[in-house]
Amino acid sequence: MKHWIDKFACALRGTRLAVRGESSYWVHLPAMMVVLSTAAWLHATLWHWCAILFAITIVISCEMLNTAIERVVKMLHPERHPAIGEALDISSAAVLVAAAGASMVGILVFLDLLQCTD
């Protein structure tokens, strides 16, 4: 059991390090709060909540992976290199794709919720 507790403690530490160390989270977190509050206000159904929470989870997970990749690269190869720059751009693009997909999910969910309230 201690093994699992240690794993969760490391994961929570990683979450704290990621959020404190990257300014991107200060865009994602307020957006997340607005989306969650709006969904609650519009009385989202179970399926709406599932879609919203899944979309948020994907964006935050991609952002954390991007942050981890950036930190490892900066430690192992601090000087600029074109191939490394491309790899970092690709990991940033993954966050952008996830955020764009999450935005589409949010639009569809909120359009559906607003249609149901008419």
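Because the structure is a prediction, the values reported are computed rather than measured. All residue numbers in this chain count up from 1 along the given sequence.
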- Task: Would you name the heavy atoms of Phe110 and Leu42 that are closest together and state the gap between them?
- Result: CD2-CD1, 3.8 Å
- Minimal non-hydrogen separation, Thr67 against Tyr25, with atom names: OG1-OH, 3.5 Å
- Members other than Ile58 in its cluster, when Ile, Leu, Val, Met, Phe, Trp, Tyr link by side-chain heavy atoms under 4.5 Å? Phe54
- Query: At what distance, to the nearest 0.5 angstrom, does CD of Gln115 lie from CG of Asp112?
  - Reply: 6.0 Å
- Query: CD1 of Ile60 to CG of Leu65: how many Å apart, nearest 0.5 Å?
  - Reply: 11.5 Å
With a cut-off of 3.5 Å and sequence neighbours excluded, list every side-chain donor-acceptor pair involving residues 73-86.
from, atom 1, to, atom 2, distance (Å)
His77, ND1, Glu79, O, 3.0
His81, ND1, Ala83, N, 3.1

- Find out if a path of hydrophobic residues (ILVMFWY) with successive side-chain heavy-atom gaps under 4.5 Å connects Met33 to Val35. yes
- Item | Verify same cluster id: Ile52, Leu114 (apolar side-chain graph, 4.5 Å) | yes
- Message: Are the side chains of Met64 and Glu22 in contact, using a 4.5 Å heavy-atom criterion?
- Response: no
- Item | pair His43-Leu113: side-chain heavy atoms closer than 4.5 Å | no
Donor-acceptor pairs under 3.5 angstrom involving side-chain atoms of residues 88-108: please list them, not counting sequence neighbours.
from, atom 1, to, atom 2, distance (Å)
Ser91, OG, Asn66, OD1, 2.5
Ser91, OG, Leu88, O, 3.0
Ser92, OG, Leu88, O, 3.2
Ser103, OG, Ala99, O, 2.9

- Query: Which residue pairs pass the salt bridge (Lys or Arg N to Asp or Glu O under 4.0 Å) test with at least one member in residues 4-13, sequence neighbours excluded?
  - Reply: Lys2-Asp6
- Sequence neighbours excluded, the answer for side-chain contact (heavy atoms from CB on, under 4.5 Å) partners of Met32 is Leu29, Leu36, Ile56
- Inter- and intrachain pairs under side chain to side chain donor-acceptor pair (under 3.5 Å), touching residues 27-41, at least two apart: His28-Glu63
- Pair listing, ring pair (Phe, Tyr, Trp, His ring centres under 6.0 Å) test, anchored in residues 83-104, at least two apart: none
